[in-house]
Amino acid sequence: MKLAMQKVTVVGKINGLKKSISALKKSGVFQIVSTSQVSKAEIKREDELAGYPAFIQRITTAMGIAKNAEKNITNYKKKNKKAVIENEKPFADKDVWGEKPMMTYDKFQETKEKQNKVEELIGALEAHQVAYNTCVMDYQSAKKEIAAIRPFISFPLPMNQVKSSAHIYAVAGVISDKQLEKYQAEVSASSEIVVQSEPSPKKGSSYIVVASHIKNKEEASKIEQYGLSKITFSFDTTVVKRIADLQTHMVDLERKRVSLLNEMILNAEEIRLLKCFHDYLVDALDTHDLSAQTQTTPTCFIINGWATKRDSEAVVSVLKAVDKEVIVNFEEPAKGENPPTLTKNSVLVEPYGAITGMYGQPGKTDMDPNPFVAFFYFLFFGVFLGDVGYGLLMFAITFFMIMRAKKKGKPKNLLIRVFCIGAISSIIWGFVFNSFFGGFGSQYGENSTLKFFNEAPIDPIYHATFYLALSLFLGIIQLAVGFFLSFVNNLKQNRKGDAWLGALPRFIMFIGLMLFFPSLSLGLLKFQDPKWAVDGINFIAPYLQTPAMIFLLVGLAGTLLFNGRNAKGIMGKVTGVMGGAYGLLNFFSDILSYARLFGIGIAGAVIGMLANTLGGIFGTSLFGIVIGLVVTVVFHGFNLGLGMLSTYVHNARLQFIEFFSKFYTGDGTAFVPVGSKMKYTRIIPSV
């Protein structure tokens, strides 16, 4: 249900402004409404607060460093399975990174006392990261140098011995044998040029050293015109020795790199500390910014906001605790105001707020649709995905996820809870369909993995016509409820004309359609449809025809005649009646939309049956059983995944398009208590 909201005005002494904001954050039940024209970009932060944004960024970077260290060590151990890391630090539970621990606001504020420890921790991580980056660059540099000098691995001389001087011209490198022959032919007449060559590992080329007196440089240097790849390295060893030294250096660098990664691993306590201090800094800036955006005079401040009526005493209590003279005033929302929305429902209904929230929060004139969404979404879930095996598997997985998240202190995942509750609906309808992992116990007994009844109450395949009729009938029921809720809501909002002349005739018309549907379905049902249903409909249909026609005619007449009630003039009224007639087509389209319950349900049933059939065609040998089992598991896994996705999407569509369009606007905004938007922490309200 929607909780009633009150507009709250808080007036106090200017020197108690930040304490009052902190008290409201501590309460967890107050939403501040900024009334200042000062934007966040214009807010000045002085003293310690000026450095908080940079500090926040450092913490974020530090946590990224630690996460990457875990990833890199994991990859290293995968590639080097026998590697041993000295003094290896254990990883914190991976859930620690995603958890949002709960604490009181007072406990949260105590985090400030650990600032020195936080600075020491991120300082160490930053230093290790710098050393790690240097190590990686040195490693890559050594790797590139090896690649560059490897072609000269057979060169017999130390590289620094082949160089020119004031009296000697000397050059060394690699040249093709053909070009070398041309060069030698050109300078063969000169006895003062020394040319020494040796075959290189590359076929058709040689290492060459050319040396001469400086006076013969012009002729000797012609070698550079014959495609010589000069050696420009200056180390004082041979290439073989240099490569060996570099490889040893790379081993040392790799060991150092892994050691540095190990040093960057954080334990669970350190991770929680960084996350909590990050939120502390964000909260401190938020308090300062809210103070700057609050209306003030030289002596007083005025805070405007919202709180539920049930929490009014709590708001006064927390404010009086920090300033006994503070004034708190409550008043009802003005006519043009749209207060934020807060709903409170049972543990079974609450998860469906995630479905409603995707459409929009209840507005000022809306009722809370979650109880009705919970009922129909649960009901349709099983019609879409009715299978005991799938339901049990889905329930086991989602229940495990819920319990695990609860144990790890993670926030509630409402969608997981929707699937967990929906699994129960799948199990219930699975018994109705007599289905266990795609096996049907009535007409398709040879493909059944389990039989609950000798004959299924509803076989999705063999009783397809009745399955379709049932889907449409469930749609008529939901649409009728939608118009009834529209009638009730309009009465609550004192829109009597829309209630009595708009919603009520449509509701009456759909009641008539519900009563007439059994008679209508007699022409659709076939001899193979469930006997209990055919006999029951044959028995009851004659008794419902008369009241059905009365309701249909009254509702239809009201829908047509009153559709143009707000139009002016005769032509306006006539146009309104014609518009009402056209609107009947939309109602027909809405009803047909519920055929998707049948379509998706029967598609899943066929795929499930096909999975069992394919699994059995490989024979009874051990090999055939194994292959058949693999095929069956793969097909059922695909069917379950596709079924869950289709059920989630199309079930939501029925609520949003067909159901909500009758009574719900969803133009509200969610109630967000001040101080509740923490990235890594959840504050426990003090009330």
Side-chain angles (χ1 to χ4, degrees), residues 1-2 341 343 345 349 352-353 355-381 383 471-517 548 551-552 554-566 576-577 579-597 649-668:
M1 67 176 177
K2 277 173 58 177
T341 303
T343 58
N345 289 299
V349 174
Y352 294 92
I355 303 297
T356 302
M358 289 188 292
Y359 184 88
Q361 296 295 326
K364 183 178 181 180
T365 61
D366 287 326
M367 62 174 61
D368 180 14
N370 288 314
F372 306 98
V373 171
F375 174 78
F376 285 110
Y377 200 95
F378 174 82
L379 177 66
F380 294 163
F381 202 104
V383 181
S471 299
L472 298 178
F473 186 67
L474 292 176
I476 293 173
I477 292 174
Q478 187 179 37
L479 294 176
V481 171
F483 285 120
F484 177 74
L485 294 177
S486 175
F487 171 72
V488 173
N489 198 40
N490 280 319
L491 283 182
K492 285 185 176 180
Q493 301 301 324
N494 202 30
R495 297 192 294 257
K496 296 181 180 179
D498 291 338
W500 293 103
L501 304 180
L504 184 60
R506 289 167 171 79
F507 172 63
I508 293 173
M509 181 175 63
F510 270 82
I511 292 296
L513 191 56
M514 287 170 55
L515 297 175
F516 187 69
F517 197 81
F551 275 93
L552 269 174
V554 171
L556 184 61
T559 299
L560 294 175
L561 294 176
F562 299 136
N563 192 65
R565 63 188 179 279
N566 296 322
V577 171
Y582 181 77
L584 296 177
L585 296 177
N586 291 331
F587 296 155
F588 180 71
S589 174
D590 289 344
I591 295 171
L592 287 182
S593 289
Y594 288 85
R596 69 188 65 242
L597 290 167
V649 173
H650 289 282
N651 204 344
R653 184 197 181 281
L654 291 176
Q655 313 306 317
F656 297 164
I657 308 301
E658 274 66 51
F659 190 44
F660 282 175
S661 62
K662 307 302 179 286
F663 71 100
Y664 184 69
T665 64
D667 60 353

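Between Ser589 and Leu585, every side-chain heavy-atom pair lies at or beyond the 4.5 Å cut-off. The shortest side-chain heavy-atom distance between Phe656 and Ile355 falls under the 4.5 Å cut-off. Side-chain contact between Asn489 and Arg495 is present, with at least one heavy-atom pair separated by less than 4.5 Å. Contact annotation: the side chain of Tyr352 never approaches that of Pro371 to less than 4.5 Å [non-hydrogen atoms, C-beta and beyond]. With a 4.5 Å cut-off on side-chain heavy atoms, Asp667 and Gln361 do not count as touching. Between Thr665 and Phe660 there is no side-chain heavy-atom pair separated by less than 4.5 Å. Counting heavy atoms from C-beta outward, Leu501 and Leu561 have side chains that stay 4.5 Å or more apart. Looking at heavy atoms from C-beta onward, Leu597 lies out of side-chain contact with His650 at the 4.5 angstrom threshold.
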Determine, stepwise, if the pair Leu479 / Arg506 fulfils side-chain contact (heavy atoms from CB on, under 4.5 Å). CA-CA 10 Å; Leu479 294 176; Arg506 289 167 171 79; over 6 Å; no
Between Val349 and Thr343, is the side-chain contact (heavy atoms from CB on, under 4.5 Å) condition met? List the steps. CA-CA 11 Å; Val349 174; Thr343 58; over 6 Å; no
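Checked by atom type and distance alone, the side chain of Lys2 pairs as donor or acceptor with a backbone atom of Gly363 at under 3.5 Å. Side chain of Thr559 to main chain of Gly555: a donor-acceptor pair is present (N/O by atom type, distance under 3.5 Å, no hydrogens or angles). Under a 3.5 Å cut-off, the side chain of Asn651 and the backbone N or O of Tyr377 do form a donor-acceptor pair.
Here the two rings, on Phe380 and Phe659, have centers that are 6.0 Å apart or farther. Taking the six-membered ring wherever Trp is involved, the centroid distance between the rings of Phe473 and Phe517 falls below 6.0 Å. Ring centroid separation for the pair Trp500 and Phe487 comes in under the 6.0 Å cut-off.
With rounding to the nearest 0.5 angstrom, the CG atom of Leu504 is 7.5 Å from the CZ atom of Phe507. The OG atom of Ser471 lies 10.0 Å from the CG atom of Leu654; values are rounded to the nearest 0.5 Å. The distance from the CG atom of Leu513 to the CD1 atom of Ile476 is 4.0 Å, given to the nearest 0.5 Å. Rounding to the nearest 0.5 Å places CE of Met509 at 13.0 Å from CE of Met514. Between the CD1 atom of Ile511 and the CZ atom of Phe484 there is a distance of 9.5 Å, given to the nearest 0.5 Å.
For CE of Met1, the number of neighbouring non-hydrogen atoms (other residues, nucleotides, ligands) closer than 6.0 Å is 12 at most. By the neighbour-count criterion of 12 heavy atoms within 6.0 Å, atom CZ of Phe551 is sparsely surrounded, having that number or fewer from other residues, nucleotides or ligands. Heavy-atom neighbours of Phe663 CZ from other residues, nucleotides or ligands within 6.0 Å: above the threshold of 12.
Ring geometry, Phe587 versus Phe510: the interplanar angle exceeds 60°, so the pair is classed perpendicular (tilted spans 30 to 60°).
Asn345 and Asp368 are linked by a side-chain donor-acceptor pair at a separation below 3.5 angstrom, with hydrogens and angles left out of the test. In the model, Ser593 has a side-chain atom that pairs as donor or acceptor with a side-chain atom of Glu658 under 3.5 Å. For the 3.5 Å distance criterion, the side chains of Tyr594 and Gln478 qualify, holding a donor opposite an acceptor.
The pair Asp590-Lys662 meets the salt-bridge criterion, since a charged nitrogen lies less than 4.0 angstrom from a carboxylate oxygen.
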